[in-house]
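Whatever order the structure lists ligands and atoms in, that order sets their numbers, starting from 1. The figures here come from the full heavy-atom set of this structure, side chains too, leaving out hydrogens, waters and symmetry mates. Predicted model only: the values in this text are computed from it and were never measured.
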Amino acid sequence: MMGNIAVAIDGPAGSGKSTVAKIIAKDLNLIYIDTGAMYRSVALYCIRKGADTEKEEEVIKYLPEINLDIVLEKGIQKIFIDGEDITEKIRTQEVGKGASDVGAIEKVREKMVQLQRKLSEGASVIMDGRDIGTNVLPDAQVKIYLNAGVEERAKRRCGELEDIGAEYDFESVKKQIEERDYNDMHRKFNPLMKADDAVEIDTTSLTIDEVCSKIKEIIKEKTDLR
Ligand code: DC
């Protein structure tokens, strides 16, 4: 018998993390924790206050008053600020860019990581983000680093934007993804990188099903979950 298990999934924007994590969570009865949503929520709050997310002192000023609640509804993570459901409102390009900005700030990361570790206590989880295997859950039994070519990732992001009826332009989406990756990989605190003990999967030419199968195979090897 094994106790609670943790599956960490890291990788750049659009590599398929949240899509596959949600499916695997459902199939294996794990709690899915989307850490990007937390950074996005901080960004949304600051944007609404008129703060410049690139300016550390402006973000830090608001950080203590941000009242985030993460609730699981039928296995789906919902996120609230001061009781308002902002789950859908954080899915814009502007908020994604703001999330990458605020994610570079040490104090923001401390608060988010604390929240993430608390959410994973006493539960079997699959958590996706940028620093899960390297920093948030260094003892996770399973660590996956998902990757994909930038063209493919931009296509996927455009698909998501289309789904929610948002306006987009392929070239600008691609450029934003490149900038976001650069920002996430080069920040001083817990940058995006593959953990030494993570398994890297390139999803460029794989279907969602294929990626899920590969990950489930790895989970099977490393834990007693079936
Ligand atoms: O996964 P996402 O696109 O929702 O993440 C948005 C941004 O949040 C990402 O570009 C960087 C930041 N982030 C982070 O710094 N650390 C995490 N664990 C997750 C997200």
Side-chain angles (χ1 to χ4, degrees), residues 6-22 32-47 53-54 56 59 63 66 68 70 76-79 86-120 125-138 140 143-148 150 153-161 163-164 166 168 173-195 198 203:
V7 179
I9 304 199
D10 292 299
S15 54
K17 300 182 300 287
S18 67
T19 307
V20 300
K22 275 183 208 157
Y32 168 55
I33 301 171
D34 169 3
T35 66
M38 300 174 203
Y39 293 91
R40 284 173 181 266
S41 300
V42 171
L44 178 68
Y45 189 92
C46 292
I47 291 166
T53 52
E54 287 184 14
E56 176 160 349
V59 175
L63 189 63
I66 305 179
L68 278 188
I70 318 281
I76 296 177
Q77 175 180 301
K78 298 229 156 198
I79 192 156
I86 51 148
T87 313
E88 303 298 328
K89 292 172 192 141
I90 55 173
R91 313 269 31 130
T92 65
Q93 288 192 76
E94 184 197 16
V95 174
K97 193 257 170 207
S100 184
D101 292 339
V102 304
I105 303 170
E106 189 177 22
K107 282 205 169 68
V108 172
R109 303 206 70 81
E110 278 170 7
K111 184 168 172 166
M112 299 299 108
V113 170
Q114 201 181 20
L115 181 61
Q116 290 153 15
R117 290 193 181 133
K118 211 164 145 211
L119 285 167
S120 72
V125 301
I126 181 164
M127 190 182 280
D128 81 0
R130 303 291 186 290
D131 61 335
I132 312 307
T134 53
N135 175 49
V136 181
L137 304 174
K143 296 183 186 180
I144 308 288
Y145 190 85
L146 285 189
N147 218 337
V150 67
R153 293 189 287 119
K155 268 188 220 154
R156 294 177 190 170
R157 228 347 91 95
C158 288
E160 285 170 15
L161 293 168
D163 287 346
I164 60 166
Y168 68 89
V173 169
K174 187 176 145 195
K175 192 162 154 266
Q176 282 201 24
I177 285 184
E178 282 168 334
E179 285 169 359
R180 194 124 77 81
D181 289 349
Y182 185 88
N183 203 22
D184 294 344
M185 288 171 173
H186 292 85
R187 66 175 177 232
K188 195 164 157 205
F189 310 103
N190 309 124
L192 167 65
M193 61 171 151
K194 180 187 161 297
T203 71

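- Proximity of R109 to ligand 1 is established by a heavy-atom distance of less than 4.0 Å.
- Close N/O approach between D184 and ligand 1 is found [any backbone or side-chain N/O within under 3.5 Å].
- Counting the atoms of ligand 1 from 1 in the order shown, those under 4.0 Å from a heavy atom of G36 are 4 (O), 5 (O), 19 (C), 20 (C).
- Given atom 12 (C) of ligand 1, the protein heavy atom at minimum distance is A99 O, 3.8 Å.
- Looking only at protein heavy atoms, the nearest one to atom 13 (N) of ligand 1 is Y39 CD1, 3.6 Å.
- The shortest contact between atom 1 (O) of ligand 1 and any protein heavy atom is with R130 NH1, 2.9 Å.
- Between D34 and R91 there is a salt bridge, since at least one side-chain N of the basic residue sits less than 4.0 Å from a carboxylate O of the acidic one.
- Annotation for ligand 1: atoms under 4.0 Å from non-hydrogen atoms of R40 are 2 (P), 3 (O), 4 (O), 6 (C).
- At least one heavy atom of R187 sits under 4.0 Å from some atom of ligand 1.
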* side chain to side chain contact (heavy atoms under 4.5 Å, CB included) assessment of D128 paired with Y32 -> CA-CA 8 Å; D128 81 0; Y32 168 55; 3.0 Å; yes
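- The contact set between ligand 1 and R91, taken as ligand atoms under 4.0 Å from a residue heavy atom, comprises 4 (O).
- Side-chain atoms of R187 come within 3.5 Å of backbone atoms of N190 as a donor-acceptor pair (strictly under, hydrogens ignored).
- Judged by distance alone, the side chain of K143 and the main-chain N or O of D10 form no donor-acceptor pair under 3.5 Å.
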* To do: For the pair I132 and I9, evaluate side chain to side chain contact (heavy atoms under 4.5 Å, CB included) and give the outcome as yes or no after the intermediate values.
  => CA-CA 7 Å; I132 312 307; I9 304 199; over 6 Å; no
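- In summary, the atoms of ligand 1 found under 4.0 Å from a heavy atom of R180, numbered by their order in the structure, are 3 (O), 5 (O), 6 (C), 7 (C), 9 (C), 10 (O).
- Of all protein heavy atoms, the one closest to atom 19 (C) of ligand 1 is T35 OG1, 3.3 Å.
- Atom CD of E110 is separated from atom CZ of F189 by 8.5 Å, given to the nearest 0.5 angstrom.
- Salt bridge present: K175 and E179 bring a charged side-chain N and a carboxylate O closer than 4.0 Å.
- The main-chain N or O of A148 is never found under 3.5 Å from a side-chain atom of T203 such that the two would form a donor-acceptor pair.
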